[in-house]
Colleague: 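Structure provided below as structure tokens; questions to follow.
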Amino acid sequence: MPPDTELWNRVEATAREVFGTFGFGEIRPPIFEPTELFARSIGADTDVVGKEMYTFEDRDNSSISLRPEATASVCRAYIEHGMHAWPQPVKLYYLGPMFRRERPQKGRYRQFYQIGAEVLETVQPGQGGPKDIPKDAAVDAEVIEMVMAFFARLGLEGVQLEINSIGHAAENCRRGYVQKLKAALEQVKDKLGPDSQRRIETNPLRVLDSKLESEQAIIAGLPKISEHLCDDCAKQYAEVKRQLDLRGVKYTENWRLVRGLDYYMRTTFEITARGLGSQNAVCGGGRYDGLVELLGGLPTKGIGFAIGEDRLILSLQEAGKGGAEAGRDVFVAWMGEKAQTSAIAAAQRLRAAGFRVELPPVEQKFGKALGQADKLGARYALILGEDEIATGQWTVKTLADGAQAKMSESEFLEKLKRL
Ligand code: HAM
């Protein structure tokens, strides 16, 4: 609602502006998709798909779901619209509502808003493999740099970037690590809560995400993925850090940052901000090479992020950066039939010049009109009565200090423009 929507609009306009300077164009994916798309991309065993999706049966018995996120849709669109034939890489951003059936609390809603971006690049014949490591790492770092630039432009406070590499799905890398992790978790199973116990079977990596106080010491002693990355993934991770340094982007490493969606590989990252309590992740993202291929496209690399816009707004407001300005520039207080004709004409010209004008539909006593102008937070009251009509000199009252002056229409316009 106003005045909050002014801040939402400013945030969105800033995203468009900053992302535009990095060469991103806007994509508007649909609000719902076949359930299958999300199940295949995000993973059937994830909380998002297993517990949180709003899924419905359509009239033809097919299953559709409200989108819990947009990366899957962007990849679907990339394939459907032959974007592999566009100049590479393809850089896209989106804004809009997402839906997850989570327990609502501050900063966590069932309909929430994301601002996200994705960079997709189809691997050309003869390309790919280890020789792409420097390029991929630079792309990762630039995407992260872009979010940080956006947050800096908004004046977001207490911004902290955490990064990690979760390797790739191979025996000599993440798969091998997950086996070791699983074995270590079996050893301490009785000391873990029911959620973590269940995850040992369904998704052991997610145990690392646990916020349960009683599990923290146990988790600290578990094997770390950084010690089990394959050579290429380790090289890529080192190169991402070097590229972030080159860009002056500050980060901390967090080996427990595994993310809740199955499509990630190698680089993962999360950003937190001040004033958000327990739901303090304001942005999450990572690399997802192979997702487009999994959905039936060509071998394609991907990296992206999504910002929780609700949380971003909360953090800005907590820091007093709301700065939302509703109000009006001018309240036109008029009395008498002749004055209405002039008041309408004045309002038309002021609005055409871009000023926010309130024109009461019926005449009001000046006292009442000024009271209303005050309530609306108007800067000026333009008083139009018989005198003003006869002389062509308007009475202008500055509401902040009550000062009153006579001036012509063009003088008043000049005064407004100097604001
Ligand atoms: P995600 O971490 O699931 O990633 O969500 C990104 C951000 O959305 C979170 O950090 C949080 O700020 C916000 N968010 C998530 N759930 C809620 C909720 N229930 N209420 C309020 N805010 C929420 C993704 O969605 C990936 N698609 C990001 C990505 C893009 N990775 C690669 N490309």
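Worth saying up front: this structure is predicted, and the values here are computed from it rather than measured. Whatever order the structure lists them in is the order used to number ligands and atoms, beginning at 1.
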Colleague: Under a 4.0 Å heavy-atom limit, does R108 contact ligand 1 with its side chain, its backbone, both, or neither?
Modeller: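 Both the backbone and the side chain of R108 come within reach of ligand 1.
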Colleague: Mark the output for G116 as yes if a heavy-atom distance to ligand 1 is under 4.0 Å, and as no if none is.
Modeller: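 It does not, in that no heavy atom of G116 comes within the 4.0 Å cut-off of ligand 1.
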Colleague: What protein heavy atom lies closest to atom 9 (C) of ligand 1? Include the residue and the distance to one decimal.
Modeller: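 It is A281 O, 4.1 Å.
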Colleague: For the residue pair E253 and Y237, confirm or rule out a side-chain donor-acceptor distance under 3.5 Å.
Modeller: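 Side-chain D/A pair, E253 to Y237: present.
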Colleague: Check E118 against ligand 1 and report side chain, backbone, both or neither, counting heavy atoms closer than 4.0 Å.
Modeller: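 Within the 4.0 Å criterion, E118 contacts ligand 1 through side-chain atoms alone.
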Colleague: Would you call R198 and D195 a salt bridge, using N to O less than 4.0 angstrom?
Modeller: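 Here R198 pairs with D195 in a salt bridge, since their nearest N and O are under 4.0 Å apart.
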Colleague: Are any of the side-chain nitrogens in K91 or E118 under 4.0 Å away from the carboxylate oxygens of its partner?
Modeller: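 Not counted as a salt bridge, because no side-chain N and carboxylate O are separated by less than 4.0 Å.
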Colleague: Which distance, rounded to the nearest 0.5 Å, do you find between the CG of L244 and the CG of L161?
Modeller: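 So the CG of L244 and the CG of L161 are separated by 6.5 Å.
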Colleague: Number the atoms of ligand 1 from 1 as they appear, then name those within less than 4.0 Å of a heavy atom of E69, with their elements.
Modeller: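 The list of qualifying atoms is 25 (O), 26 (C), 27 (N).
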Colleague: What do we get for Q114 next to ligand 1 when only non-hydrogen atoms under 4.0 Å count, side chain, backbone, both or neither?
Modeller: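 The side chain, only.
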Colleague: With a 4.0 Å cut-off on heavy atoms, is R259 in contact with ligand 1?
Modeller: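 Yes, R259 has a heavy atom closer than 4.0 Å to ligand 1.
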Colleague: Heavy atoms only: which of Y264, F305, Y263, F112 is nearest to atom 18 (C) of ligand 1?
Modeller: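 Shortest heavy-atom distance from atom 18 (C) of ligand 1: F112.
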Colleague: Run the ring-centre check on F19 versus Y93 and record whether the distance is less than 6.0 Å.
Modeller: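 Yes; Y93 has its ring centre under 6.0 Å from that of F19.
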Colleague: Is it true that E52 and R101 have a side-chain N and a carboxylate O under 4.0 angstrom from each other?
Modeller: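 No salt bridge links E52 with R101.
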Colleague: Would you kindly specify which portion of Y288 sits under 4.0 Å from ligand 1, judged on non-hydrogen atoms: side chain, backbone, both or neither?
Modeller: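 Answer for Y288: side chain.
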Colleague: Is it true that the side chains of T267 and D140 contain a donor and an acceptor less than 3.5 Å apart?
Modeller: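 There is such a pair (donor and acceptor under 3.5 Å, judged by atom type) between the side chains of T267 and D140.
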Colleague: Mind checking whether L261 contacts ligand 1 via backbone (N, CA, C, O), side chain (CB onward), both or neither, at a 4.0 Å heavy-atom cut-off?
Modeller: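 It is the side chain that touches ligand 1; the backbone stays farther off.
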Colleague: Centroid-to-centroid, F412 to Y380, below 6.0 Å?
Modeller: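 Yes; Y380 has its ring centre under 6.0 Å from that of F412.
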Colleague: Is G285 in contact with ligand 1, taking contact as a heavy-atom separation below 4.0 Å?
Modeller: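 Under 4.0 Å: yes for G285.
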Colleague: Heavy-atom distances under 4.0 Å are what count here, so tell me which part of C283 touches ligand 1: side chain, backbone, both or neither.
Modeller: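 The answer is the backbone of C283.
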Colleague: Tell me the nearest of G107, S41, A117, A72 to atom 21 (C) of ligand 1, using heavy-atom distances.
Modeller: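 Checking each option, the heavy atom nearest atom 21 (C) of ligand 1 is found in G107.
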Colleague: Are the charged groups of E6 and R10 less than 4.0 angstrom apart, N to O?
Modeller: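 Between R10 and E6 there is no salt bridge, as every charged N stays at least 4.0 Å from the carboxylate O atoms.
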Colleague: Tell me whether Y113 reaches ligand 1 (any heavy atom closer than 4.0 angstrom to a ligand atom).
Modeller: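 Under 4.0 Å: no for Y113.
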